[in-house]
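What you see is a predicted model; the values in this text were computed from it and never measured.
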Amino acid sequence: MENKEIARILDEIADLLEIKGVPYKPIAYRRAAETVNSLSQPVEDLKPAEIMKLPGIGESITNKIVELNETGHLPYFEELRKGCPIDFESLLAVEGVGPKTVKLLYQSLNIKDLDDLEEMAKHHQLRRIKGMSEKKEKNILENIKYARKTTRHLLGYMLPLAREIKAKLEEFNPVMRVEVAGSIRRRQETIGDIDILVVTDNPHQVMEYFAAMDLVDRVIAKGISKSTVRLKADVNCDLRVMPEKSFGSALLYFTGSKEVNVEMRKISIKKGLKLNEYGLFRGDKMVAGGTEEEIFQELGIHYMEPELRQTVEDLEAAIRSELPPIIGYQDIKGDLQMHTTWSDGKNSLKEMAETARELSHQYIAITDHTGNLQVPKGISEDKIELQMREIDKLDSEIEDITILKGLEVNIDSDGKLEIKEEILKDLDVVIAGINSGYRQSREQLTDRIISAMENQYVNIIAHPTGRKIHKRSAYELDLDRIFQASVDTNTYLEVNSQPDRLDLKDVLIKKAVQNGCKLVIDTDAHSKERLNDIELGIATARRGYAEKKDIINTNNLRELTKLLDK
DNA sequence: GCCGTTTTCGGCCCGACTGTTTTCAGTCG
Ligand SMILES: Nc1nc2c(ncn2[C@H]2C[C@H](O)[C@@H](COP(=O)(O)OP(=O)(O)OP(=O)(O)O)O2)c(=O)[nH]1
Ligand SMILES: [Mg+2]
Ligand SMILES: [Mg+2]
């Protein structure tokens, strides 16, 4: 059974237990679900003893996971659900509806899913329930609309919007400081909502200003220190307002993750302290809170970069001083995949090069598509030489940046490159990728990639797992073999920065680096604007614990050229 | 149900906003 499915069942067990009013167990099942979800390999491939060692998973849950994998079902779960055949996921997605309300709705009106709920709300049945009201009914009816489209949003689209809101808030005089927090600050690949922290001495004024901003569609909640609005862009935005002296503790709290927050608070308790968003306290006395660094220091923990504040394990690594010095946003010296009007790009060679230079890149590689596919449409082989002369000409004319000659070549369904090999020998960079025929077996797909790696001219494997967030999941690969072949053949794995790719993704980058692989972070930009996406790839590499030395395009041109010579 | 440099039993983060509420429960961050 897939990890996602197992995690979903564990989560539903948590929901069921919560409705029954069972204490603490729901937390345990949620933690276990979280762990299964964040695994970089199928839990199916693990032995029971290994599952047992996973954080938050003990004997009881291990047995349940093993049973699910072996038989495909779980009597404990089916028994629990017998009493209440409810679609929790969709009902709980309604803002303001929690486990207690679900129970109430089911017991009084036999409501099992969103359709039932909408029907009953429309016919004014909810207000008749004891403990409900007309107001609550209206609220629910309104919020059902949003519950039906609870998709997470791509970081690449939310980051510019969050920065726009930040800039708007900074224009307002009483605002002293603004930081984007939450999953955006952690640079998670998908984002549930936008979280923003403001420092001010005038919370009332700031809340009024925030709620009245042009970007806001409607106000969901508005208090003196916290407000939530729905933006016209169809995403929620939470604003937290705090005084200067609590800036660090507030930013720490609002950046999360929740799991890291809870664990840090437990650690504080053990040390006889109390941690909340207002500060770190010993009794009534505040011992830290102005900056995040101060709080980490007081707790005896190394500072954690926001990108690494994801799981309890990240925090434990920080406590053991095992967090590596991850790659910085300024460390990338050049971009090694982009497309121009010669294939399916929107901008010319020159426009791409000039934009890259503005981004302070020392070098770029132009890597238009080749091959016979209609999508992506490639340059025909007879035009390649012409383009290479154009690139040489541009390179000799343009100052302060070097333009490398490259191509992105398709790997065909037999693992052969869709191009005459002799064309490749004069290039600086050759990228190979699977752009068709994803539906093969795990072994076939792995063999295809490895035969491309074994080609003496191929330097980089593009978007190695082929996933597209919200569209297509990663194809199954034997990654251990891929990582080994990458090391053996000096072929680098790509961290593709397109907002919906981010491929390799964070947990796989971590595994690749552990296996000694070297990676390249590039944008795969099809227009000059998208050259900025490099920060998304860097963020993903940071979340994957990658250091500067793990990424080949942190090198100067001279060293890079050596690394590209197989 | 899980977990442990003060524990193998007894804890399990802590605070804001709303309205079901007139002293608190439910939901959410
Ligand atoms: N201490 C504590 N902090 C929490 C809790 N829930 C949320 N937070 C903090 C950490 C979160 O990163 C931050 C923002 O909450 P969100 O619900 O927006 O979560 P986050 O942004 O991490 O993920 P998202 O992409 O929005 O789903 O608030 C909680 O139950 N306890
Ligand atoms: Mg958030
Ligand atoms: Mg939020």
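Classified by interplanar angle (parallel below 30°, tilted 30° to 60°, perpendicular above 60°), the ring pair A/Tyr29/A/Tyr76 is parallel.
Rounded to whole Å, the separation between the P atoms of B/dT23 and B/dC28 comes to 25 Å. Atom name C1', nucleotides B/dC24 and B/dG10: the rounded distance is 28 Å, in whole Å. On the C1' atoms, B/dA16 is 34 Å away from B/dC9, given to the nearest whole Å. Between B/dC12 and B/dT7, the two C1' atoms lie 14 Å apart (nearest whole Å). For the P atom pair drawn from B/dC2 and B/dT6, the interatomic distance equals 24 Å after rounding to whole Å. Spacing between B/dG26 and B/dT21 at atom C1', rounded to whole Å, works out to 11 Å.
Considering only the side chain of A/Lys25, B/dG1 comes nearest among B/dC28, B/dT27, B/dG1.
The partner of B/dC2 is B/dG11, by the rule that a Watson-Crick or G-U pair needs both atom distances under 3.5 Å.
Using a 4.0 Å heavy-atom criterion, one finds that A/Asp195 contacts the sugar-phosphate atoms exclusively. Backbone-only contact: A/Val94 has heavy atoms under 4.0 Å from sugar-phosphate atoms and none from a base. Residue A/Lys64 is in sugar-phosphate contact alone, with no base atom involved, counting any heavy-atom pair closer than 4.0 Å across all strands shown. Counting non-hydrogen atoms under 4.0 angstrom, A/Pro55 reaches the backbone sugars and phosphates but no base. Among the protein residues, A/Pro26 comes within range of no part of the nucleic acid, since none of its heavy atoms lies under 4.0 Å from any strand.
Ion pairing between a basic and an acidic side chain is recognised when a charged N comes within 4.0 Å of a carboxylate O; A/Glu12 and A/Arg8 show such pairing. With respect to the salt-bridge test (charged N to carboxylate O, under 4.0 angstrom), the residues A/Glu277 and A/Arg265 qualify. Under 4.0 Å is where a charged nitrogen must lie from a carboxylate oxygen, and between A/Glu307 and A/Arg187 no such pair does.
Here B/dT5 presents its P atom at 12 Å from CZ of A/Arg320, a figure rounded to the nearest Å. Put simply, NZ on A/Lys266 is 14 Å from P on B/dC2, counting in whole angstrom units. One atom, CZ of A/Phe254, and another, P of B/dC28, lie 15 Å apart when rounded to the nearest Å. When the C1' atom of B/dT27 is taken as reference, atom NZ of A/Lys258 falls 12 Å away, rounded to whole Å. Rounding to whole angstrom units, CD of residue A/Glu263 and P of B/dC3 are separated by 11 Å. Whole-Å rounding puts the A/Lys271 NZ to B/dC13 C1' distance at 17 Å. Computed from coordinates, the A/Ile27 CD1 to B/dG11 C1' distance equals 11 Å when rounded to whole Å. A straight line from CZ of A/Arg309 to P of B/dC13 spans 20 Å, rounded to a whole angstrom.
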- [ ] Using a 4.0 Å cut-off on protein heavy atoms (strictly under), produce a 5'-to-3' string for nucleotides 14-22 of chain B with B for base contact, S for backbone-only sugar-phosphate contact, and - for none.
- [x] BBSSSSB--
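One distance of note links CG of A/Leu68 with CE of A/Met1; it measures 5.0 Å at 0.5 Å rounding.
Between the side chains of A/Asp503 and A/Thr465, at least one donor N or O lies within less than 3.5 Å of an accepting N or O. Checking A/Asp238 against A/Thr228 by side-chain atom types alone, a donor-acceptor pair falls below 3.5 Å.
Take the nearest nucleotide of DNA chain B for A/Val102 and for A/Ser60: the residue whose nucleotide is more 5' is A/Ser60.
Nucleotide B/dT7 is shown with a syn base, its glycosidic torsion being within 90° of 0.
With A/Glu305 as reference, A/Arg542 is the one residue of A/Arg542, A/Arg186, A/Arg543 to meet the side chain to side chain donor-acceptor pair (under 3.5 Å) rule.
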